[in-house]
Amino acid sequence: MWDRLLTDCHIATMDPAIATPFGAIEDGAIGIQDGRIVRVGRRTELAGFRARSVEPLGGAWVTPGLVDCHTHLVFGGNRAHEFEMRLQGASYEEIAKAGGGIVSTVGATRNASVEQLAEAARPRLQALMRGGATTVEVKSGYGLDVATEIKLLKAAKALGDSEAVRISPTLLALHALPPEYKERREEFVRIAIEEMLPAAADAGLATAVDAFAEGIGFTVEEARALFAAAKERGLGIKLHAEQLSNLSGAAMAARYGALSADHLEHVDEAGVAAMAEAGMVAVLLPGAFYALRETRKPPVDLLRKHKVGMAVATDCNPGTSPVLSPTLMLSMACTLFGLTPEEALGGMTREGARALGLGHEIGTIAANKAADLCVWRVSRPAELAYWVGLPGPEKRIMAGVDS
C-alpha cells in the first residue's frame, strides 16, 4: 500500500521522453511511497492501486519542485546603496573599483556568526520556498578567507537541516580579491586552492566549486588551477563565465567536465559548442541582467542550435540580483531572453537539476525520483511564466510530505 495517491490532476512531468508539451499527462495520478514517486500515469492506469491517503486535486497542475540552481543566499548586510548608485549611472565595474560590489559585503559577513548568517538568510530562503523552490543551490564567496568561507557553508548546512528544502552547497573559492591581498594576488589564489578547497572538502561542506572568471574577477588560468584541484577531490565544477566579456571561460570549464557555465551573455559559438560536447548546462540569470540593466542577451538561439540545456535561476545576491521570486524568473526568462514557457519551466526543473548534478534524483516527475512536487491552481502550465511574479504554488510537497 502506498503512502499517498495524488489524483484528479494534470501533470507537467518535464520528462523529454513523454512526447507532449511540458511532458504533460492530463487526467493523471501520482503514487508516492517513502518520499519517492513509485508510479505516474493516467488516473485510469492507477485506479487499482491502494494508498493510505487518496487526494483528489480538483484538476490542478502538478510540476516538479522548482530548482534554483544559482544563488548567493547567505551573506551579511545588504547593498541597497549600490542600487541607488546604479540608478545615478554608475556601472558594475565602476562600483567594484570604488570599493563596492562583492568586497563591500565581506566586512559584514566576516563579523557575523554562523547562527547570525543563517537567521539573516532564512527569510530569503523561505521566500524562495513559498515561490515553489524545493532545491536551492547556495554558494559561499562573501568571506574571502578560509574561516569565513567555511562559516558560510556551515550556515547553508544549518538552513538545510532546519527547513524543508534540499540545499546544494557550492564553494565559490574565487569570487573577488580581498583588499588585504591587493598586492598579493598569487598568494590568495594559492590559499583558495591549497587551503580553502581542502578545508571545505574535508568537512563535507561543499559538493561543487565555482569561480568568477572576469576582468574584475579572476583569470581563466586561475580558475583552471582551482578546477584541476577540485577534480582531484571529486567535486563538481561550475563557472561564472562570459557575463561582462568573452574570456573563453566556458570552453575551459568544458575541458574539466563542468556541470554548468552561468550568465553567458558574451559567450561565442566556440564556447557553446564546447559546452555541448561536454554535456554542460547553460544557467541563465535574467535577474542580474535586469538589475544591471544589461543590453546584451545570452545567445539563446546558439544554445538551441547546439542543444545545450538552459537552466533558469534567481542568482539571489545582495548586489546584482536581489531576487526572491522563482516564478518572476520564469517570466523574465521568456520576456527578456525569449525562452518559451516550456523552456523556462524546464530550466527551473529538469535543467536546474542537471546543473547541480542531481538530474537522477529530481527535476522531472518519474518513477524512482524524489517526490518533490508543486501543485498549482492554473489552467495550463504556461501560466507559471505568463503571470508576472505569480506568488507560488497552492501546495508544496517535499520528499512526499506537504511543507
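- Inter-residue side-chain proximity for F22 and P341 is flagged as met; some heavy-atom pair is nearer than 4.5 Å.
- Between I32 and A371, the shortest heavy-atom distance links the atoms CG2-CB, 3.9 Å.
- Looking at heavy atoms from C-beta onward, L171 lies out of side-chain contact with L235 at the 4.5 angstrom threshold.
- A donor-acceptor pair is defined here as one N or O able to donate and one able to accept, closer than 3.5 Å; such a pair exists between the side chain of S140 and the backbone of L172.
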Subject >> Full working for side-chain contact (heavy atoms from CB on, under 4.5 Å) between S321 and L285 >> reply: CA-CA 9 Å; S321 189; L285 303 169; over 6 Å; no
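- Here the straight-line distance linking atom OH of Y386 with atom CG of L330 works out to 15.5 Å at 0.5 Å rounding.
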Subject >> Test side-chain contact (heavy atoms from CB on, under 4.5 Å) applied to I191 and Y181, step by step >> reply: CA-CA 11 Å; I191 289 170; Y181 285 91; 3.2 Å; yes
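- Counting heavy atoms from C-beta outward, E214 and H263 have side chains that stay 4.5 Å or more apart.
- Remark: the backbone N or O of P169 is not paired with any side-chain donor or acceptor of K157 at under 3.5 angstrom.
- For the side chain to side chain donor-acceptor pair (under 3.5 Å) with S403, the lone residue among K395, R396, E163 that qualifies is R396.
- Within 6.0 Å of the CD atom in E277, the count of heavy atoms belonging to other residues, nucleotides or ligands does not exceed 12.
- The nearest pair of heavy atoms linking G141 to L152 is N-CD1, 3.8 Å.
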**OP:** Determine, stepwise, if the pair R233 / D202 fulfils salt bridge (Lys or Arg N to Asp or Glu O under 4.0 Å).
**Re:** CA-CA 9 Å; R233 290 271 183 170; D202 291 346; 2.5 Å; yes
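- Summarising the geometry, atom OG1 belonging to T170 is positioned 12.0 Å from atom CG belonging to L205; distances are rounded to the nearest 0.5 Å.
- E137 places a side-chain N or O within donor-acceptor distance of the main-chain N or O of T71, the cut-off being under 3.5 Å.
- Ring geometry for H240 against H175 counts as tilted: the plane angle lies between 30° and 60°, on a 0 to 90° scale.
- Distance check, rounded to the nearest 0.5 Å: CG of L117 to CD of E115 gives 9.0 Å.
- For the pair R255 and F227, the cation-pi test (distance below 6.0 Å, angle within 45°) is failed.
- Looking at V220 and S248, their side chains never come closer than 4.5 Å, going by heavy atoms from C-beta outward.
- Considering all non-hydrogen atoms of both residues, T13 and G23 come closest at OG1-O, 2.6 Å.
- Proximity of L302 to V267: side-chain heavy atoms (C-beta onward) are nowhere separated by under 4.5 Å.
- Although no hydrogens or angles enter the test, the distance criterion places no donor-acceptor pair under 3.5 Å between the side chain of R43 and the main chain of A29.
- Minimum interatomic distance between R4 and A51 (heavy atoms only, all atoms of both residues): C-CB, 3.8 Å.
- Side chain of H10 to backbone of D27: a donor-acceptor contact under 3.5 angstrom is found.
- Within the 3.5 Å criterion, the main-chain N or O of L73 finds a donor-acceptor partner in the side chain of R124.
- Only one option out of D210, D68, D315 pairs with K139 in a salt bridge (Lys or Arg N to Asp or Glu O under 4.0 Å); it is D210.
- To the nearest 0.5 Å, atom CE of residue M280 and atom NE2 of residue H306 are 14.0 Å apart.
- Partners of S162 by side-chain hydrogen bond (donor to acceptor under 3.5 Å, both in side chains), not counting sequence neighbours, listed by chain and number: R122.
- Between the side chain of E242 and the main chain of L247, a donor-acceptor pair closer than 3.5 Å is present.
- Here the closest heavy-atom approach between residue K238 and residue A208 is recorded as CD-CB, 4.4 Å.
- Panel note: side chain R354, backbone A311; no donor-acceptor pair is recorded below 3.5 Å.
- Counting all heavy atoms, side chain and backbone alike, V62 lies closest to V375 at CG2-CG2, 4.2 Å.
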Side-chain polar contacts of residues 290-297 - donor-acceptor pairs under 3.5 angstrom, sequence neighbours left out - could you list them?
from: R293; atom 1: NH2; to: R86; atom 2: O; distance (Å): 2.5
from: R296; atom 1: NE; to: E265; atom 2: O; distance (Å): 3.3
from: K297; atom 1: NZ; to: L336; atom 2: O; distance (Å): 3.1

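- Counting only heavy atoms from C-beta outward, the side chains of L46 and T7 never approach each other to under 4.5 Å.
- Under the 4.0 Å criterion applied to side-chain N and carboxylate O atoms, E383 and R380 are not assigned as salt-bridge partners.
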Original post:
After noting the C-alpha distance and the side-chain angles of T109 and L144, does the key distance pass the side-chain contact (heavy atoms from CB on, under 4.5 Å) rule?
Top reply: CA-CA 10 Å; T109 301; L144 309 187; over 6 Å; no
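- In this structure, T20 OG1 and D15 CG are separated by 9.5 Å, a value rounded to the nearest 0.5 Å.
- Not a single donor-acceptor pair under 3.5 Å links the side chain of D402 to the backbone N or O of I397.
- Taking CE of M129 as the reference point, atom CG of L125 lies at 5.5 Å (rounded to 0.5 Å).
- In terms of modelled atom types and a separation under 3.5 Å, the side chain of E55 and the main chain of L5 share no donor-acceptor contact.
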**OP:** Take T340 and E342 through the test side-chain hydrogen bond (donor to acceptor under 3.5 Å, both in side chains) and record every step on the way to the result.
**Re:** CA-CA 5 Å; T340 67; E342 183 175 4; 5.4 Å; no
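- No side-chain heavy atom of S325 sits under 4.5 Å from any side-chain heavy atom of T314.
- A 4.5 Å side-chain heavy-atom check between I362 and L356 finds every atom pair outside the cut-off.
- A donor-acceptor contact closer than 3.5 angstrom is absent between the side chains of T327 and W387.
- Few gaps surround CZ on R52; more than 12 heavy atoms of other groups in view lie less than 6.0 Å from it.
- With respect to K154 and D161, no salt bridge is recorded, no charged nitrogen being found less than 4.0 Å from a carboxylate O.
- Other residues, nucleotides and ligands place more than 12 heavy atoms under 6.0 Å from the CD atom of E187.
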Original post:
Which is it for T105 and N317 under the side-chain contact (heavy atoms from CB on, under 4.5 Å) test, yes or no, and what are the steps along the way?
Top reply: CA-CA 10 Å; T105 301; N317 75 71; over 6 Å; no
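- Judged by the 6.0 Å distance and 45° axis criteria, R185 is not positioned over the aromatic ring of F188.
- Counted within 6.0 Å of CZ on F83, heavy atoms from surrounding residues, nucleotides or ligands total 12 or fewer; the atom is thus considered open.
- Among residue pairs with one or both ends in residues 361-370, those qualifying as side-chain hydrogen bond (donor to acceptor under 3.5 Å, both in side chains) are R36-E361, T364-K369; sequence neighbours excluded.
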